[in-house]
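In this text, all values refer to a predicted model and were calculated from it rather than measured experimentally. Numbers for residues simply follow the sequence, beginning at 1.
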Amino acid sequence: MIFVLIIILLANTAIDKYNYLCKNNTYMDNCKNLLDGVREVLLAIVPTMCGIAMPLLLQAIERIDAKYQSIGLVELFKKESVYKVSTKILVFSCAYFVYIILGPIPSMVDCWIIENSAIIIGILLIIVLFVCFFLFCKRILEYYNPVQLNQHLIHLIKEKGIARTVDVYKAWIEIIPSIVKDSNYEDTYKTLDVIRQLIEEDAFERTMPSGNSSLVYLNYSFTTIIEGLCRNGHNYNADKCIDYLIQILLNTKEVIPPSHYKCLWMCIRLLVQYDRDDLVYSYWAYVSNHYEYMKYEVNGDIQEGCKLRRDFFEFNIFVGALILYKKKYALLNQIISYKINMPSSYPLCTKSLNDLVNWYKQINELDDIELEERFPFPDIKGTNNVVLGSANRYMSLLFLNTYKIEHSYSLDSVFGLPVFEQNERRLRRMDDMLSSLEYNLKLILNDNLIIKETLDVKNVQSLVDECIQAYLGSNILPPLEYIKC
């Protein structure tokens, strides 16, 4: 409102000055009076811009970071062309204002344009100052509107690419949680779909030739968004966005690359850290269905398909291990009990004791240091076998869970003893592995809280008795006896 009044006053001044000039017939008098008018208008505009308008606008710019909880938006705004041009025009206007106050230098050339250049430049400056001022205000309002700011940043990224808009991309990622909070799901979906398109186009890899650099950008994008959404608390729109982000990591590529697994792990860690058990369970439900219908071949290659399924199952063993490590027993009970009906299937639980023994063997053949790097647990420094130990205890819990879940397979295939190769060295290694499994089983069996809250039974004996009762006539051995056999 203040700026509108200033413009009205300046317009009245210009009209009065024009009427005054029209009454004088002398050319030099007209020019002198017109120059006086320009000087008066600049005298009104420049101090107002420098003393009132710019300080208020700069305060508004500084508050952008606080609005979006972003550290880069102010710097990004200062790189906008309208900001750079406006500040330069204002500085030039101040210099010209001083020049015109002191008095223009008389022209030595008989040329109307040169003789009246002071007037022309002054009038042009007045026009440009007003235009820049309104464009400046318009851009600030865009930054304060999450939807408009989102569209502006996406346009810059698509137009110039990530390589030339790294700062723009980082700022855009930081404001997405605020956009989700203030937008409907359709607008949010379009925003997140831009990330999916960038991944499909291998934009990170093309922008950052180094694999580690592209992984850093991928991790930064997903973890920043998910952490911001978790901090905003429970919100239906935010929860759907987190689910969609996880689906992007799982579905964008036919073969899930290691960088996606690494990024997915960091996202799940954040969900566990912020106690978003509902979202972890939602993740588990999705990946269970994903694994159930995952292809057994990729581009006609069965071995590649089997490796894809094996890596996927292995990854989720460590997700379960992380949940067990954080002692989220209620959530653990939900995920190991998750099944797909018709017929009953527990995709991410081992289908038999023999299957569990084989997985236990494969996991324990992995390098401890590599596991610490691939699946870093929170609040752990150095390598102290916490990751592998948690995975072993989780698989021991799956071993016991086999006695609880429904089975659509032959019981002989579920509870039958494994067949080992008759090789002395391998038998010795298998004996060591079974000893480790027995040790971890005893740890679980001696922890009544885990047994009660994850398996919903008072003790393992009652669990085995119920299993034997359910499958009368079957040769079902208790867990420890099975291992000893």
Side-chain angles (χ1 to χ4, degrees), residues 67-73 143-158 162 168-201 203-204 215-253 256 259-290 315-316 319 322-323 331 334-335:
K67 175 177 174 61
Y68 295 105
Q69 298 179 346
S70 166
I71 60 175
L73 275 178
Y143 268 68
Y144 270 85
N145 186 312
V147 176
Q148 291 183 1
L149 176 59
N150 181 43
Q151 293 173 350
H152 173 62
L153 297 182
I154 289 176
H155 173 73
L156 290 178
I157 293 169
K158 287 185 174 181
I162 295 180
V168 176
Y169 180 77
K170 287 183 177 180
W172 175 61
I173 290 297
E174 289 176 355
I175 69 167
I176 286 180
S178 298
I179 294 171
V180 171
K181 184 178 179 181
D182 298 332
S183 305
N184 56 45
Y185 181 69
E186 183 178 352
D187 292 336
T188 305
Y189 174 82
K190 292 178 180 177
T191 300
L192 299 180
D193 205 48
V194 174
I195 299 178
R196 181 190 60 79
Q197 293 173 13
L198 293 173
I199 294 176
E200 284 184 344
E201 297 167 1
F204 298 107
L215 175 59
V216 167
Y217 266 69
L218 195 66
N219 281 350
Y220 172 80
S221 304
F222 282 79
T223 55
T224 300
I225 296 172
I226 289 180
E227 185 168 15
L229 293 175
C230 288
R231 283 178 177 173
N232 289 340
H234 291 266
N235 178 282
Y236 176 79
N237 196 20
D239 294 351
K240 296 293 288 183
C241 289
I242 292 175
D243 287 341
Y244 183 64
L245 284 171
I246 290 174
Q247 292 173 28
I248 288 175
L249 288 172
L250 292 172
N251 295 329
T252 306
K253 304 286 185 180
I256 304 173
S259 59
H260 285 209
Y261 275 125
K262 187 71 175 179
C263 183
L264 183 59
W265 177 261
M266 300 307 294
C267 294
I268 294 171
R269 264 190 54 173
L270 282 173
L271 296 180
V272 173
Q273 176 184 335
Y274 282 93
D275 296 322
R276 295 306 308 271
D277 294 358
D278 55 326
L279 293 176
V280 177
Y281 178 74
S282 177
Y283 158 81
W284 194 267
Y286 180 81
V287 295
S288 295
N289 286 274
H290 185 83
F315 177 85
N316 286 289
V319 172
L322 174 63
I323 297 171
L331 174 61
Q334 288 181 302
I335 67 171

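The side-chain hydrogen bond (donor to acceptor under 3.5 Å, both in side chains) test applied to Ser282 returns Asp243, not counting sequence neighbours. Remark: Asp275 pairs with Lys328 by the side-chain hydrogen bond (donor to acceptor under 3.5 Å, both in side chains) rule, at least two apart or across chains. Scanning for ring pair (Phe, Tyr, Trp, His ring centres under 6.0 Å) contacts around Tyr189 gives Tyr244, with sequence neighbours left out. Residues forming a side-chain hydrogen bond (donor to acceptor under 3.5 Å, both in side chains) with Arg269 (at least two apart in sequence, or on another chain): none. Residues that satisfy the ring pair (Phe, Tyr, Trp, His ring centres under 6.0 Å) test with Tyr283, not counting sequence neighbours, are absent from this structure.
Residues in residues 220-232 take part in these salt bridge (Lys or Arg N to Asp or Glu O under 4.0 Å) pairs, two or more places apart or across chains: Glu227-Arg231.
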query: Would Asp277 and Gln334 count as a side-chain contact (heavy atoms from CB on, under 4.5 Å) if you check the C-alpha gap in whole Å, the side-chain angles of each, and the deciding distance to 0.1 Å?
result: CA-CA 10 Å; Asp277 294 358; Gln334 288 181 302; 5.5 Å; no

task: For Lys262 and Asn219, run side-chain contact (heavy atoms from CB on, under 4.5 Å): C-alpha distance rounded to whole Å, both residues' side-chain angles, the deciding distance at 0.1 Å, then the answer.
output: CA-CA 8 Å; Lys262 187 71 175 179; Asn219 281 350; 4.2 Å; yes

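For the pairing with Gln151, the side-chain contact (heavy atoms from CB on, under 4.5 Å) check across Leu153, Val147, Ile154 returns one residue only, Val147.
Using a 4.5 Å cut-off on side-chain heavy atoms (C-beta onward), Leu264 and Ile256 make no contact. Two residues are said to be in side-chain contact when any heavy atoms from C-beta on lie closer than 4.5 Å; His152 and Leu156 meet this criterion. A heavy-atom distance below 4.5 Å is found between the side chains of Trp172 and Ile195. The shortest side-chain heavy-atom distance between His260 and Leu218 falls under the 4.5 Å cut-off. Contact annotation: the side chain of Leu192 approaches that of Ile176 to within less than 4.5 Å [non-hydrogen atoms, C-beta and beyond]. Contact check for Met266 versus Phe222: no side-chain heavy atoms found under the 4.5 Å cut-off. Under the 4.5 Å side-chain criterion, counting only non-hydrogen atoms from C-beta, Leu245 is not in contact with Cys267.
Note: Cys263 SG to Ile199 CD1 = 7.5 Å, rounded to the nearest 0.5 Å. Summarising the geometry, atom OG1 belonging to Thr224 is positioned 7.0 Å from atom CD1 belonging to Ile173; distances are rounded to the nearest 0.5 Å. The OH atom of Tyr220 sits 6.5 Å away from the NZ atom of Lys170 when rounded to the nearest 0.5 Å. If you take OH on Tyr274 and CG on Leu279, they are separated by 13.0 Å, rounding to the nearest 0.5 Å. To the nearest 0.5 Å, atoms CG (Leu322) and CD (Gln273) are separated by 10.5 Å. Note that the CD1 atom of Ile323 and the CD1 atom of Ile335 stand 3.5 Å from one another [nearest 0.5 Å].
By the 30° and 60° cut-offs, the orientation of the rings of Phe315 relative to Tyr261 is tilted.
Of all the heavy atoms in Cys230 and Leu271, the pair that sits closest is SG-CD2, 3.8 Å. Between Tyr143 and Leu149, the shortest heavy-atom distance links the atoms O-CD2, 3.6 Å. Of all heavy-atom pairs between Cys241 and Leu229, the closest is CB-CD1, 4.1 Å.
Checked for salt-bridge contact, Arg196 and Asp193 meet the test: a charged N lies under 4.0 Å from a carboxylate O.
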